[in-house]
Amino acid sequence: MSHPTLAQRLVDALLARGAREIFGIPGDFALPLFREIERDGRLPILTLAHEPGVGFAADATARVRGALGVAAVTYGAGALNLVNAVAGAYAERVPLVVLSGAPAAHEAVSGLLLHHQVKQLDSQWRLYEEITADRARLDDLERAPQAIARVLDTALARSRPVYLEIPRDLPGQPCAAVPAPAIRTWDAERVAAAADELLARLRAARDPLLVVGVEVRRYGLEAKVAELARRLGLPVITSFMGRGLLAEAGIPLAGTYLGLAGDPELSHRVEHSDALLLLGVIVSDTNFAVSAKRIDFRHALVAYDDEVRVGHHVYPELPLAALVDALLQRCPPQARPAVAAPPAPPAYPQGLAEDDEPVAPDDIARAINDLFARHGPMPIASDVGDCLFTAMALRPSALLAPGYYATMGYGVPAGLGLQQASGQRPLILVGDGAFQMTGWEIGHAARLGLDPIVLVFNNSGWEMLRSFLPEGGFHDLGRWDFASMAGGMGGDGHAVKTRAELAAALRKALATRGRFQLIDIRLAPGARSQTLQRFVAAVKRLSMPEPA
Ligand SMILES: Cc1ncc(Cc2c([C@H](C)O)sc(CCOP(=O)(O)OP(=O)(O)O)c2C)c(N)n1
Ligand SMILES: [Mg+2]
């Protein structure tokens with residue numbers, strides 16, 4: 001029996017921390033790693049066309065499972081192509097593991113400049129420091145097991161990307177076992193003090209509200225947070241980025257906070273609450289910039305990134321999971337504190353008129369809500385653009401989207417990762433501009449056994465930007481015929497202009513399995529969702545100085 005190799009030990013450690021596949025593109029510096037992982041056979045390698053797609057797909061698997069997602073690339077051109085997706089994972093708290101091939105030790109001292117090398121041989125190593133929570137170069141087989149364990153445990157504890165660099169002469173070398181996943185510890189007394197102070201504030205409040213954000217999903221806390229909301233009788237609101245959270249938790253969601261771009265009554269309540277509990281919410285401009293009344297976070301109750309702030313009190317090194325458990329322990333199921341009735345759940349647009357009127361973005365929301373009402377919700381991967389604003393009008397369902405880092409190109413690859421990780425057929429919402437970036441990854445769906453339904457918001461341009469700067473002459477992209485291209489990539493294309501055609505195409509797409517479906521929605525240039533229009537109006541209003 002041969003001794004387990006570095007690659008096998010790495011696979012052991014990734015499996016033990018929830019990884020179930022690797023998305024990747026090899027290169028000569030990574031071929032030995034790919035070969036050893038393929039020989040091992042426990043983590044399938046799913047290849048795509050371009051490293052941004054590899055990163056977005058792996059990111060999506062991590063978001064779906066609340067575990068490690070893995071992207072494997074070659075040194076230089078591959079790993080640097082991946083940077084934007086890793087940066088997005090860092091910003092949005094995703095435990096993405098980057099495995100990069102690298103030159104062998106003897107090559108590094110050859111005195112030659114190596115292909116794929118940038119400035120120095122360790123330029124890539126230094127670049128990745130800025131977009132990861134930890135990293136290790138596995139160039140010493142004695143220290144590799146501890147390094148792998150430390151880096152992968154950091155990815156899970158901090159819910160951030162990490163980086164492992166593997167010289168190409170080592171994947172097949174014998175290596176000792178990697179320690180099991182570390183069990184997180186924390187100061188129980190500190191957790192108790194934070195929980196007591198939070199509850200005292202909530203119970204004394206006139207209108208306590210709970211806003212949930214991405215960390216609730218990343219740390220697998222949706223069911224517990226839903227139970228906590230139930231026991232505390234707290235209305236649950238999602239942040240813009242947290243849209244889709246608790247969708248399957250069986251509690252009435254009061255809606256998504258969008259400030260001036262959202263439901264006025266809900267926004268007013270959030271902005272005037274005297275005990276706003278933010279659990280796992282990124283306090284960012286996309287979540288809170290368009291507030292009519294600036295929320296004073298000094299008086300909010302904020303639990304984010306291993307810290308709890310209650311007014312000016314700060315409790316450091318306090319994992320969200322520990323806080324939620326402590327709060328649940330203090331709120332037995334029978335407690336039913338009386339709080340103001342939750343705001344009525346928002347009315348979701350539905351009942352699409354199947355007529356010959358041209359499709360507008362809000363018609364797409366109606367058509368999807370009708371579909372969800374008939375067949376139940378489907379998970380959604382959305383790109384950036386008006387498709388994401390349109391998604392705010394959809395009935396609750398699991399939603400993956402780069403709502404804070406806001407990179408385009410996420411939607412289609414993330415939809416592939418979403419279906420790979422969940423086994424559920426997803427809807428993918430993507431604009432024509434974003435599809436031109438990474439939409440072509442859909443051509444791999446058939447080979448990977450995936451069949452998403454892609455809705456392309458084809459408005460012939462960068463409409464979201466045009467809404468910010470109408471006079472720009474650089475927003476036009478021309479009208480691409482995506483429907484015609486679908487067949488050549490192993491799917492079915494449906495070109496639709498009218499609302500009746502949209503409804504028919506959705507029904508046909510839903511009924512067709514085993515081939516991706518691409519619904520190419522020909523929107524009139526300038527057509528925008530209500531939410532985007534309100535968002536732009538709010539940004540303009542807030543950026544204009546109040547008249548003296
Ligand atoms: C990788 C990348 N490049 C550029 C941008 C800037 C940008 C937007 C954000 C503001 O940064 S929204 C947008 C236009 C999107 O066009 P499309 O996909 O067709 O969607 P729609 O027409 O619905 O807007 C761009 C170019 C971005 N977010 N991500
Ligand atoms: Mg567009």
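It should be emphasised that the depicted structure is a prediction, and the values quoted were computed from it without experimental measurement. Counting convention: from 1, in listed order, for ligands and their atoms alike.
Using a 4.0 Å cut-off to heavy atoms of Thr407, the atoms of ligand 1 that qualify are 1 (C), 29 (N). For ligand 1, the atoms lying closer than 4.0 Å to a non-hydrogen atom of Asp386 are 21 (P), 23 (O), 24 (O). Near Asn459, meaning under 4.0 Å from any of its heavy atoms, are these atoms of ligand 1: 21 (P), 22 (O), 23 (O). Taking every heavy atom of Asp432 and a limit of under 4.0 angstrom, the matching atoms of ligand 1 come to 19 (O). Atoms of ligand 1 lying under 4.0 Å from any heavy atom of Gly433, numbered from 1 in the order shown and given with element: 17 (P), 18 (O), 19 (O).
No other N/O/S atom of Asp432 lies as close to the Mg ion (ligand 2) as OD1 does.
Taking both residues in full, the closest heavy atoms of Asp305 and Arg160 are given as OD2-NH2, 3.2 Å, listed atom of the first, atom of the second, then distance. Across all their heavy atoms, Ala91 and Ile282 have their closest contact at O-CD1, 3.5 Å. Taking both residues in full, the closest heavy atoms of Tyr405 and Gly88 are given as CD2-CA, 3.2 Å, listed atom of the first, atom of the second, then distance.
The shortest N or O to N or O distance between Gly385 and ligand 1 is not under 3.5 Å. Here's the thing with Met437: none of its N/O atoms is less than 3.5 angstrom from an N/O atom of ligand 1. Below 3.5 Å of separation, one finds an N or O of Met408 facing an N or O of ligand 1. Looking at Cys387 next to ligand 1, no N or O pair under 3.5 Å apart turns up. An N or O contact shorter than 3.5 Å links Met464 to ligand 1 by distance.
Looking only at distances, no side-chain donor or acceptor of Asn369 sits under 3.5 Å from a matching main-chain atom of Gln350. Listed for the Arg243 side chain is a donor-acceptor partner under 3.5 Å among the backbone atoms of Met392. Counting only distance, with no hydrogens or angles, the side chain of Arg63 and the backbone of Ala401 share a donor-acceptor pair below 3.5 Å. Remark: side-chain polar atoms of Asp481 are paired, donor with acceptor, to backbone N or O of Ser484 under 3.5 angstrom. Counting only distance, with no hydrogens or angles, the side chain of Asn287 and the backbone of Phe240 share a donor-acceptor pair below 3.5 Å.
For atom 8 (C) of ligand 1, the nearest non-hydrogen atom of the protein is Leu465 CD2, 4.0 Å. Looking at atom 11 (O) of ligand 1, its nearest protein heavy atom turns out to be Ala406 O, 4.3 Å. For atom 18 (O) of ligand 1, the closest non-hydrogen atom of the protein is Ala434 N, 2.9 Å.
The pair Glu215-Arg217 does not count as a salt bridge, with every side-chain nitrogen at least 4.0 angstrom from each carboxylate oxygen.
At a threshold of 2.8 Å, the Mg ion (ligand 2) has a backbone or side-chain N, O or S atom of Gly461 nearer than that distance. The Mg ion (ligand 2) has an N, O or S atom of Asn459 under 2.8 Å away, backbone or side chain.
Put simply, no part of Gly409 is less than 4.0 Å from ligand 1, judged by heavy atoms.
Note on ring orientation: taking the six-membered ring where Trp is involved, the planes of Tyr75 and Phe29 are perpendicular (angle over 60°, cut-offs 30° and 60°).
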